[in-house]
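Have a look at the structure below before the remarks.
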Amino acid sequence: MSEVRVRFPPSPTGYLHIGSARTALYNWLYAKKYGGKLVLRIEDTDAERSTQESIDGILEGMKWLGLDWDEGPYFQTQFDAEHKAAAQKLLDSSDAYKCFCTKELLDTKREAAREAKSEYGYDGTCRNLAEDELAAKVQSGLEYVIRFKTPEDDGTVAFDDEVYGHIEKKHSELEDFVIVRSNGSPLYMLCNVVDDIRDRITHVIRGADGLGNTPRQVLLYKALGAPLPVFAHMPLTLDHQKAKISKRKHGEIVAVHFYRDKGFIPWALCNFLALLGWSPGDDRELFTRDEMIEAFTLKRINRSNSIFNYKKDDPKFFTDPKALSVNAHYIRTMALDELGALVKPFLEKAELWDADYEGGKKEWYFSTLELIRERFHTLNDFAEAGRAYFGEGFEFEERALKKNIVKNPRLREWLPLLAERFEALDEFNPETAEACARALCDELEVKPGVIINGMRTVVTGRLAGPSMFDALMAIGRERVTMRLKEVEKVFALAG
RNA sequence: GGUCCCUUCGUCUAGCCUGGCCUAGGACACCGGCCUCUCACGUCGGCGACACGGGUUCAAAUCCCGUAGGGACCA
């Protein structure tokens, strides 16, 4: 069996979006599974909309996701001559012909067909022009497009899609489609086939929006004398309105870089994306790379479109809740050294990073991450909700002030008192701190919850968090007592 | 408009090919219990779907026909 070669051919007309990323992922998984090669080809023929930033963004996105490619990036524009040569070859073999019909003429005919309620397809006016007639038209400098000559018999074009099954289309239902525009530029339909032939692509794994064009492409493969690749079309990802997710309509929320900046773990995003339209056939949903490569098959790709479940302006979930949940799972289960490295850029950005976290304070750094990671959903949470552990200047949650502070004005006496007791402790560990705090509660005849929760808010700014006495250790006696003594400031904030 | 494709809990899905194991399984989300210094984790439980209508069959989510809805491509 020959080597598996797949490709990912994005158009550089914007950032890498998650739908494209999923296509790239499926191709990558397939290549990895069969020890094949993934070819990255930038389809930059639309010069007006293609930009260098976009190319860079796509490459960065792929790298960030960990989807490495084996060849490329190739650029479609580099092969312009080859695309034109293929068109010439089809002309030479009489599989294509020059068509001089003007746009106006075709529009008129289309309109007439509509009024007559008959189906419109190109009528083949130029298909059988006599030699001299053709020569005369070329001579006179008339503009022309090149059309592919669809077989006129009552046969069919057929192929077997790995996902959608056997697809058959009657020749009579395919009109003589254009392969080269009047300005001489070849159409996507042709370029794509020529490139896939040159790159010796064995499996075309792409979005189901390519399904409709596949019969035409099959015709091109045959006319060009090339072997057919295996086709596998994957369902599209839609929004709640059943509209294809797109950069234009949805903006950043569909951009891969958005997830990077929001604190997603690359593989967590891949894991989530893989599940949109594919399942292993059992109940597994979380995979390591190797597990997913092993489990992945084209046959288990779904046929129905899936909905990317995000609601605009949802206060609780900024994106699909399942994506967040998958990300949270990785945050709380991954190795601490890996997590530490992923959190680092977020702390740096928030100016909370201390180089010693990779040196003398490494142990503290890791144990603190472990302590707080359980309730976080994104890497960014470490720098925001977790700010009190890494530095000063943290915010106080409105709800926390209301519930834990304002209700108990006497905390302004109790908390500084508690700070003094903490300072007096020979040893400051979770047990001694807790015993000390509870003893004070007994003395004051206050419920422990009042003091503990008040302390939580003053020390961490939050309504909820890890077990209080463990949190105290992570923050350290000095910072704890300092914050407790400044309880007055917190009351001031609470208004 | 033409051609093709799709339709199982709110969302992602298993089951469909090879009808009975399906009083339809899992995950996320939601609700409640336990745990508890709070929240989370964990755990236990709950809510919740076979688009609709016919047919075939002893038996249909599963097979057939039709309808509706959605999507893609072409124009």
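Quick caveat: nothing in here was measured; it's all calculated off a predicted structure. A note on names: the letters A, B, ... follow the listed sequences, proteins ahead of strands, and every chain is numbered from 1.
- At least one side-chain nitrogen or oxygen of A/Lys316 sits closer than 4.0 Å to the OP1 or OP2 atom of B/C30.
- Pairing for B/C58 goes to B/G20, judged as Watson-Crick or G-U wobble with the two contacts each under 3.5 Å.
- Comparing the same atom, P, in B/C12 and in B/G71 gives a spacing of 15 Å after rounding to whole Å.
- Between A/Trp278 and A/Phe287, the distance separating the two ring centers is shorter than 6.0 angstrom.
- Residue contacts shown for A/Ile307 are limited to sugar-phosphate atoms, with no base heavy atom under 4.0 Å away.
- B/C6 and B/A61 are spaced 16 Å apart, taking the C1' atom of each and rounding to whole Å.
- Salt-bridge annotation for A/Asp314 and A/Lys316: absent, with no side-chain N of the basic residue lying under 4.0 Å from a carboxylate O of the acidic one.
- Distance noted for atom C1' between B/A49 and B/G25: 12 Å (whole Å).
- Counting atom types as modelled, A/Glu285 pairs a side-chain N or O with a base atom of B/G26 as donor and acceptor under 3.5 Å.
- Side-chain atoms of A/Asp209 lie closest to B/A72 of the nucleotides B/A40, B/A72, B/U11.
- Between the side chains of A/His171 and A/Asp154, no donor N or O sits under 3.5 Å from an acceptor N or O.
- Salt-bridge annotation for A/Lys402 and A/Glu398: absent, with no side-chain N of the basic residue lying under 4.0 Å from a carboxylate O of the acidic one.
- Look at CZ on A/Arg216: it is 13 Å from P on B/C4, rounded to the nearest Å.
- For A/Arg300 and B/A14, the shortest distance from a side-chain N or O to OP1 or OP2 is below 4.0 Å.
- A/Phe317 comes within 4.0 angstrom of the backbone, heavy atoms only, and of no base.
- The side chain of A/Lys169 approaches B/U3 more closely than any other nucleotide in the set B/U3, B/U11, B/C37.
- Ring centers of A/Tyr26 and A/Phe296: under 6.0 Å apart, within the cut-off.
- A distance below 6.0 Å separates the ring centres of A/Phe231 and A/Phe159.
- Nucleotide B/U3 holds its P atom 16 Å from the CD atom of A/Glu168, rounded to whole Å.
- Using a 4.0 Å heavy-atom cutoff across all strands shown, A/Gly465 reaches at least one base atom of the nucleic acid.
- Proximity note for A/Arg303 (side chain, C-beta onward) versus B/A40, B/C6, B/C37: the nearest is B/C6.
- With respect to A/Glu43 and A/Arg41, a salt bridge is recorded, a charged nitrogen being found less than 4.0 Å from a carboxylate O.
- Not one side-chain nitrogen or oxygen of A/Ser467 sits closer than 4.0 Å to the OP1 or OP2 atom of B/C37.
- Between the P atom of B/G2 and the NZ atom of A/Lys170 lies a distance of 15 Å, rounded to the nearest Å.
- Straight-line distance between the P atoms of B/A29 and B/A40: roughly 11 Å, to the nearest whole Å.
- Here A/Lys403 lies out of heavy-atom contact (under 4.0 Å) with every strand.
- Note on A/Pro448: nothing from the nucleic acid sits closer than 4.0 angstrom, heavy atoms only.
- As judged by a 4.0 angstrom heavy-atom cut-off over every strand, A/Arg332 is placed among residues touching the sugar-phosphate backbone only.
- Comparing B/C65 with B/U57, their C1' atoms are spaced 16 Å from each other, to the whole Å.
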Q.
Run the side chain to side chain contact (heavy atoms under 4.5 Å, CB included) test on A/Phe148 and A/Arg216 for me, step by step, so that the C-alpha distance in whole Å, both residues' side-chain angles and the decisive distance to 0.1 Å come before the verdict.
A. CA-CA 9 Å; A/Phe148 183 80; A/Arg216 278 173 266 268; over 6 Å; no

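- Atom name P, nucleotides B/C17 and B/G54: the rounded distance is 23 Å, in whole Å.
- As a whole-Å value, the separation of A/Asn309 CG from B/C30 P is 12 Å.
- Rounded to a whole Å, the CZ atom of A/Phe159 is 12 Å from the C1' atom of B/C73.
- Straight-line distance from the CG atom of A/Leu238 to the C1' atom of B/U7: 12 Å, rounded to whole Å.
- Residue A/Gly277 is in sugar-phosphate contact alone, with no base atom involved, counting any heavy-atom pair closer than 4.0 Å across all strands shown.
- The interatomic distance linking A/Phe308 (CZ) with B/C28 (P) rounds to 18 Å, in whole Å.
- Using Watson-Crick or G-U wobble geometry with both donor-acceptor distances under 3.5 Å, B/G42 finds its partner in B/C34.
- The separation of B/C31 from B/U23, taken at their C1' atoms, amounts to 23 Å, rounded to a whole angstrom.
- Distances from the side chain of A/Lys322 to the nucleotides B/C30, B/C5, B/C12 place B/C12 closest.
- Nearest nucleotide to the side chain of A/Leu236, out of B/U38, B/A72, B/C6: B/A72.
- With hydrogens and angles left out, the side chain of A/Arg456 and the base of B/C37 share a donor-acceptor pair within 3.5 Å.
- Where A/Met468 and A/Ala208 each meet RNA chain B at their nearest nucleotide, the meeting point lying more 5' is that of A/Met468.
- Positionally, the nearest nucleotide of RNA chain B for A/Ser306 lies more toward the 5' end than for the other of A/Pro466 and A/Ser306.
- Rounded to whole angstrom, the span from the CZ atom of A/Arg284 across to the C1' atom of B/C12 amounts to 16 Å.
- Of all nucleotides present, none satisfies the Watson-Crick or G-U wobble test against B/G48 with each distance under 3.5 Å.
- A donor-acceptor contact under 3.5 Å is formed by the side chain of A/Arg375 with the base of B/C39.
- Partner assigned to B/A27 is B/U11, using Watson-Crick or G-U wobble distances below 3.5 angstrom.
- Residue A/Leu174 is out of contact with every strand shown, counting any heavy-atom pair closer than 4.0 Å.
- The same atom, C1', is picked in B/G48 and in B/U8; the two are 12 Å apart, to the nearest Å.
- The shortest distance between side-chain heavy atoms of A/Leu484 and A/Phe422 falls below 4.5 Å.
- Residue A/Asn302 is classed as a sugar-phosphate contact, given heavy-atom separations below 4.0 Å to backbone atoms only.
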